[in-house]
Peer 1: 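One structure is given below, represented as structure tokens, and several questions about it will come after.
Sequence lines set the chain letters: A, B, ... in the order given, protein chains first and strands last, and positions in each chain run from 1. These values consider heavy atoms only, across backbone and side chains, with no hydrogens, waters or symmetry-generated copies.
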There are 2 protein chains.
Amino acid sequence: MRKMIRRPTHPGNIIKEDYLVPLSVTIKDMAELLGVSRKTLSKIINERGSITPDMALRLSRAFDTTPDFWLNLQKNYDLWQAETASKEWQKVKPIPPNILHSNATLNSEPSA
Amino acid sequence: MRKMIRRPTHPGNIIKEDYLVPLSVTIKDMAELLGVSRKTLSKIINERGSITPDMALRLSRAFDTTPDFWLNLQKNYDLWQAETASKEWQKVKPIPPNILHSNATLNSEPSA
DNA sequence: TGATATGTAACCCAACAGGTTGCGCATGTC
DNA sequence: GACATGCGCAACCTGTTGGGTTACATATCA
């Protein structure tokens with residue numbers, strides 16, 4: 001697993017660049033095809049909305065892709081956001097590997 | 001991509017069976033280690049809560065895993081739920097492959 | 001009996017998905 | 001110029017959900 005260096009591409013960007021533009025479809029028409037409101041799609045395209053599981057299913061139908069493709073894009077984006085937004089999670093103390101990968105338990109034998 | 005037949009395992013199940021039980025850690029203590037409330041972890045363990053990106057980062061720290069591992073579990077679970085919850089997305093009409101994979105546009109030349 | 005662990009309900013707050021309506025702007029067309 | 005269309009976006013509304021705290025009943029264990 002390589003750590004994400006730069007801000008991952010937003011799914012909306014892919015929709016726009018790889019589908020809407022090449023196909024010359026407007027946001028309005030695409031929203032209709034997908035069965036969602038123009039606003040919902042517009043927000044995603046403009047990177048202010050996210051791909052929900054339901055939207056991923058719709059996109060997978062329209063573009064002959066997998067729902068996972070879209071959800072992975074969103075996942076990577078969200079993860080990057082979470083990593084960046086706060087450093088609180090870094091305060092979590094890792095469970096010592098020797099305990100994690102043995103039969104030992106966390107609260108048994110304080111030391112040895 | 002193989003289609004998901006049965007209900008995917010909930011991330012909370014993994015946390016419990018693969019970590020809490022083997023390590024003999026209580027939900028209370030684990031919640032403390034993760035820096036979240038007992039309720040938050042309890043909800044996840046009991047499959048009433050989901051793994052957020054932030055929680056995935058915390059789990060990855062504690063258990064020496066990747067955040068993606070946890071988010072993928074959640075993603076698969078959510079996707080299955082969305083597929084099952086409603087069939088509305090199936091009404092989305094696929095864009096004809098010949099148009100999708102050519103230089104043609106959707107609204108150009110109604111036929112040929 | 002007393003301490004601990006746990007599920008869960010009640011409450012509160014913030015965020016977010018999605019929908020509708022409408023406004024202002026840009027562009028294209030008649 | 002006048003009108004239609006596409007689009008970003010702001011309001012406004014609703015429902016859901018994550019997360020926190022407090023509290024309670026139950027269960028288990030020393």
Peer 1: Given atom CG of Leu41(B) and atom C1' of dG18(D), what is their separation to the nearest angstrom?
Peer 2: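 That distance rounds to 14 Å.
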Peer 1: With a cut-off of 3.5 Å and sequence neighbours excluded, list every side-chain donor-acceptor pair involving residues 13-21 of chain A.
Peer 2:
from, atom 1, to, atom 2, distance (Å)
Asn13(A), ND2, Glu47(A), OE2, 3.2

Peer 1: Dump every N/O contact between nucleotides 1-4 of chain C and the protein below 3.5 Å, one line per pair.
Peer 2:
none

Peer 1: Could you tell me how far apart Lys43(A) (NZ) and dG6(D) (C1') are, to the nearest whole angstrom?
Peer 2: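 After rounding, the reported distance stands at 19 Å.
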Peer 1: Send over the distance from Leu34(B) CG to dG19(D) P, rounded to a whole Å.
Peer 2: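 The answer, rounded to whole Å, is 11 Å.
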Peer 1: Would you mind reading off the distance between Met30(B) atom CE and dG7(C) atom P, rounded to a whole angstrom?
Peer 2: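 Going from CE in Met30(B) over to P in dG7(C) covers 15 Å.
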Peer 1: Between Ile27(A) and Ile44(B), which is nearer to the 5' end of DNA chain D once each is assigned its nearest nucleotide?
Peer 2: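 Closest to the 5' end, via its nearest nucleotide, is Ile27(A).
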Peer 1: Does Trp70(A) reach the side chain of Phe63(A), with side-chain heavy atoms less than 4.5 Å apart?
Peer 2: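 When only atoms from C-beta onward are counted, Phe63(A) and Trp70(A) do touch, with a gap below 4.5 Å.
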Peer 1: Send over the distance from Asn46(B) CG to dG19(D) P, rounded to a whole Å.
Peer 2: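 Nearest whole value for this atom pair: 15 Å.
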Peer 1: When the distance from CD1 of Ile45(A) to C1' of dC9(D) is rounded to whole Å, what number comes out?
Peer 2: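 Answer to the nearest Å: 15 Å.
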Peer 1: Verify, without hydrogens or angle tests, whether Ser42(B) (side chain) and Lys39(B) (backbone) share a donor-acceptor contact under 3.5 angstrom.
Peer 2: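 Not at all, since once roles are kept as given, no pair shorter than 3.5 Å links the two residues.
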Peer 1: Between Asp29(A) and Val25(A) (side chain of the first, backbone of the second, donor and acceptor by atom type, cut-off under 3.5 Å), is there such a pair?
Peer 2: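 Pair absent, no side-chain N/O of Asp29(A) close to backbone of Val25(A).
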Peer 1: Are Leu23(A) and Met55(A) connected in the hydrophobic side-chain network, where two residues link if heavy atoms are under 4.5 Å apart?
Peer 2: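 Result: yes, single cluster for both.
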Peer 1: Any side-chain to backbone donor/acceptor pair from Gln74(A) onto Ile51(A)? Under 3.5 Å, distance only.
Peer 2: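 Here the side-chain-to-backbone pair exists.
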Peer 1: Looking only at atom types and distance, does a side-chain atom of His10(A) sit under 3.5 Å from a main-chain N or O of Gly49(A), one as donor and one as acceptor?
Peer 2: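 Side chain of His10(A) to backbone of Gly49(A): a pair is present.
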Peer 1: Reading nucleotides 21-30 of chain D 5' to 3', which nucleotides get B (base under 4.0 Å from a protein heavy atom), which S (sugar-phosphate only), which -?
Peer 2: B-B-------
Peer 1: Below 4.0 angstrom, which residues in residues 48-63 of chain B have at least one non-hydrogen atom near DNA chain D?
Peer 2: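 Listed by number, they are Ser50(B), Thr52(B).
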Peer 1: Looking only at the side chain of Thr26(A) (C-beta and beyond, no hydrogens), which of the listed nucleotides dG6(D), dG19(C), dG7(C) gets closest?
Peer 2: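 Minimum distance to the Thr26(A) side chain belongs to dG6(D).
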Peer 1: Tell me every residue that passes salt bridge (Lys or Arg N to Asp or Glu O under 4.0 Å) with Lys91(B), counting only those two or more places apart in sequence or in another chain.
Peer 2: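 For Lys91(B) the salt bridge (Lys or Arg N to Asp or Glu O under 4.0 Å) partners, ignoring immediate neighbours, are Glu88(B).
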Peer 1: Hydrophobic clusters here meaning ILVMFWY residues chained together by side-chain heavy-atom distances under 4.5 Å, can you tell me if Tyr77(B) and Phe69(A) are in one?
Peer 2: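 Hydrophobic grouping puts Tyr77(B) apart from Phe69(A).
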Peer 1: Out of Ile45(A), Val36(A), Leu41(A), which one pairs with Met30(A) under the side chain to side chain contact (heavy atoms under 4.5 Å, CB included) rule?
Peer 2: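 It is Leu41(A), the one option of Ile45(A), Val36(A), Leu41(A) that forms the side chain to side chain contact (heavy atoms under 4.5 Å, CB included) with Met30(A).
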Peer 1: Measure CG/Leu33(B) against P/dA5(C) and give the value in whole Å, please.
Peer 2: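 Rounded to whole Å, this separation is 13 Å.
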Peer 1: Think Ser42(A) has a side-chain N or O under 4.0 angstrom from the OP1 or OP2 of dG8(D)?
Peer 2: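 Yes, because at least one side-chain N or O of Ser42(A) sits under 4.0 Å from OP1 or OP2 of dG8(D).
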Peer 1: Show every salt bridge (Lys or Arg N to Asp or Glu O under 4.0 Å) that has at least one partner inside residues 51-66 of chain B, sequence neighbours left out.
Peer 2: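 Found Asp54(B)-Arg58(B).
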Peer 1: Rounded off to whole Å, could you give me the CD1-to-P distance for the Ile15(A) and dC7(D) pair?
Peer 2: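 Answer to the nearest Å: 14 Å.
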